[in-house]
Amino acid sequence: MSEINLIYDHKKIEGHWQKKWEEKKLFSIKNIANPYYVLEMFPYPSGRIHMGHVRVYTLGDVLARYKRAQGFDVLHPMGWDSFGMPAENAAIENDIHPRDWTKKNIENMKTQLKSMGISYDWQREISTCEPAYIREQQKIFIKLFNANLIYKKESWANWDPIEKSVLANEQVIDGKGWRSGATIEKKLLNQWFLSITKFAKPLLEHLEDLDEWPENVKVMQKNWIGKSVGAILNLKIKSNDILNNINNVEVFTTRPDTIFGASFVAIAPDHHLSEELAKQSIEVNNFIKEWKKSFITEEDLDKAPKNGLFTNLYSIHPFDNKPLPIYIANFVLSSYGTGAVIGVPAHDQRDFDFAKKYNLKITQVVKDFKTTKKTTLIEAYAGEGTLINSDFLNDMTVKEAKNEVIKRLEKKGIGKKDIKYRLRDWCASRQRYWGCPIPIIYREDGKVLPIEESELPLELPDDVDFSEGGNPLENHPKWKYTTCKKTGMKAIRETDTLDTFFDSSWYYLRFLNANSDSNLKSELIEKWCPVHQYVGGIEHAVLHLLYSRFIVKALNSINEININEPFKGLFCQGMVCHKTYKDVDGKWIFPEDIIKKDSILIHRTTGKLVSEIKSEKMSKSKKNIVDPVSIIENYGADTARIFMLSDSPPERNLDWSNSGIEGSRKFIVKVWNFFNKLKFDDKISETNANENKFPSDLRKKLHFCIEKVTKSLDSFQYNVAVAALREFANYFFTYKPIENDSSDLHEALSKWVIMISPLAPHLAEELWKILKHKNMVANQKWPEFENKYLVDDNVNLIVQINGKKKLVIKIVKGLTKKQTQQFVLENASVIEILKDKNYKKIIIIPDRVVNLVIK
RNA sequence: GCCCACUUGGCGGAAUAGGUAGACGCAAGGGACUUAAAAUCCCUUGUCCGUAAGGACGUCCCGGUUCGAGUCCGGGAGUGGGCACCA
């Protein structure tokens, strides 16, 4: 580094301004006249920030500082999503208490985050594992419980018989427990559910009002909720097949029109009829046993081969009375519809595959409008068409037939029109220690009751033992056995804790009352919510965002809050990726362990040949992480921030590169050196550049820059904003002030510094000082552009022949079509081109393009 | 498997509303400064043909709409995210 570069001491500069901002409490709320709530998804305290954090928090900070400069009262808080499995895994593996582990991690991460210079109001810091947060969350739980929006039901969980505990899906690898290696089975547990399906309709419909959300997220939510309009119908079971009074099976279908193409009925393995059959059939019993060992996720289910077992029972077709064989099938979900489907092979691909496998009849009942010839189907036909082979439905369209079938079903009293959602109720029970305790007791008289408000918060016991496996709360009699405070009766506490999605589904409300005892029914919520701009990863597109929307609607429905959506604007940023390397043995290699020798990559210590794989999301296991802490240490926060913002558009993945960070550093140092060489006298900041003396070229370029940066920031194109700022910097680097008066340059530079301040805030404060300004740049108003400086008198007119560019002619702006045509046709080059041809057509877009069509 | 997104030079990317493709940057090459190197500064850089002037081609692939397509429509390929107990 050269001598002059050494002057740019990022550690000194950044530390200095971070302290100043904190001393002046610059980022705490002074009033709420013009509120703007900026929120980034709060992190899980893993212990160290990673590049993904640096990216998302930089994006949020740019917005927060930009809005602040625009005169908004910006709320920009930060907290910790501090319950969850990793703390418990650390407890099991390293014998450290989850609370201590978490606390230490938060301390570390907070220091790291602070070194980034983000404009957080740390006075409002919250942590979901703290008593105050638990207390408020338990209040919410009880309110929802009392409103019948929380209930208990049986559902399946992944059971590890060796660890004697429930495993998360990600802890089950190829059907085995990740630690124990035991074969995982489904186990039926009585668990707590939140009635999100009661809100399926508003959750779906209100998506339309979220016009500041990315379209793809809304589509994903819409598909997740999955509204289906169809019919529910009651199929009689053949009289001599009736068992234990089960004389019918209820099915849901979205295609009642295809009823005459039905050839079988399939029920879920956990359907009540299957369970009844299992009592008397070894075959059925075995089938269900196998099913319990099979897939757990929907992905597995879709990929697994479709299997069925004929039950020897038949149901009766509602119209032609033909018998329909009943199968138990592994692909039928008890959680969707009625847990039973009517199979129409010709018009549903899954049914088609199933029919082929079990030799069931395939009857086509819809033919598309065009085909007249009868052809054998080689796959299911799900399109529109005309009904055939369907008795009274023949010649109807699909829509007409649907209505007709529903009408007749209703008339016969064996069915009706129905709407089903794919969305399932939210299972909020976790058989784990490190989560928010569920404030419920089971009293000895059989009553299930919420605990008294005076007992809140119900905290976790600290003296727990992880060595026995399972949930430590189960093995903690002192905590588990209690009494009912009202009656004095004996009671047992609920030992399940809450899903951490519950914690994160309302935290944005807690920031508003971070230091008080109440949350809900607060006028602050109306003032600040919905969050004006929420920023986070696309991986949360469905679950976290849908659960948050649900909690708001649920609390609204019981008059606890009066907002209807949590997040007005949503922005989803891409991931941070980095190249991965493997050696000849297929082992992942850290990039810093690689040296280049004669353009071949080898490992520094082992000398083994290394090859570049591809750029992937940074992860510890693939050894392609770059530690932000050392980057900030070596290059500074502003350099890291500028790098994060340059090049890649925020919504796309960003590729980490060493040359990229070097490039950002070079830019900052260059700016720094330029400013340091300027000599302004002490009174310069008080003089405004005389408009007449302010050369039009500098003014024009400045206003172009203001326009471009403002519009780019407004549309989240931060990379374009950086490009515009660099472009103007390239201009002023070589600018020579006229007449020994530098007030024009001073004014332009001042505005440029304000514009770069949200991106590189520490640097901007220093530059502001160099420009002899007294106040902090963080308190400056955003510059405005004036249209009169943006218009150009001349414009480049493109002359095309058959749509291909041939010429560019500079013309005066604002000519009419007629004038443009005359101008072009009189142009010597155009005359030359048209020499021996005539044009057949001329298209004129004034000030832009003229296209001559010659054939 | 299902749902969603993305694909533009050697690389990251830019391109109001369909109207000059490649802004800004990285890398590379050449030059200046230097005893030398680093740093810095200047120039060149989509591909192909051509000494040049200039020409042809070019936004993942195939097809369509249009005077005109990176942009709109249909089909396909590849990559990434989610799939309900990771957060």
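Here is the naming used below: chain letters follow the sequence lines, and residue numbers restart at 1 for every chain. Bear in mind the structure is a predicted one, so any value in this text is a computation, not a measurement.
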Remember a base hit wins even if backbone is also touched, and classify A:N223 as base, sugar-phosphate or nothing at under 4.0 Å, heavy atoms.
sugar-phosphate
Remember a base hit wins even if backbone is also touched, and classify A:P649 as base, sugar-phosphate or nothing at under 4.0 Å, heavy atoms.
sugar-phosphate
Do any side-chain nitrogens or oxygens of [X] fall under 4.0 Å of OP1 or OP2 in [N]?
{"X": "A:N730", "N": "B:rG25", "value": "yes"}
{"X": "A:K303", "N": "B:rC2", "value": "no"}
{"X": "A:R652", "N": "B:rC6", "value": "no"}
{"X": "A:N719", "N": "B:rA14", "value": "yes"}
{"X": "A:Q717", "N": "B:rA15", "value": "yes"}
{"X": "A:R848", "N": "B:rG18", "value": "no"}
{"X": "A:T500", "N": "B:rA87", "value": "yes"}
{"X": "A:K806", "N": "B:rU20", "value": "no"}
{"X": "A:K805", "N": "B:rA21", "value": "yes"}

With no hydrogens and no angle check, do the side chains of A:Q431 and A:Q191 hold a donor and an acceptor under 3.5 Å apart?
yes
Between A:D160 and A:S180: side-chain donor-acceptor atoms closer than 3.5 Å:
yes
Separation of the [atom1] atoms in [N] and [M], to the nearest angstrom:
{"N": "B:rA39", "M": "B:rC6", "atom1": "C1'", "value": "39 Å"}
{"N": "B:rA87", "M": "B:rU79", "atom1": "C1'", "value": "24 Å"}
{"N": "B:rU8", "M": "B:rA14", "atom1": "C1'", "value": "10 Å"}
{"N": "B:rU44", "M": "B:rC24", "atom1": "P", "value": "12 Å"}

Given that both distances must come in under 3.5 Å, which nucleotide forms a Watson-Crick or G-U wobble pair with [N]?
{"N": "B:rG22", "answer": "none"}
{"N": "B:rG74", "answer": "B:rC62"}
{"N": "B:rC57", "answer": "B:rG46"}
{"N": "B:rG1", "answer": "B:rC83"}
{"N": "B:rC41", "answer": "B:rG31"}

So does A:E299 reach the base of B:rC83 with its side chain, donor to acceptor, closer than 3.5 Å?
yes
Could a donor-acceptor pair under 3.5 angstrom be found where the side chain of A:Q191 meets the base of B:rC85?
yes
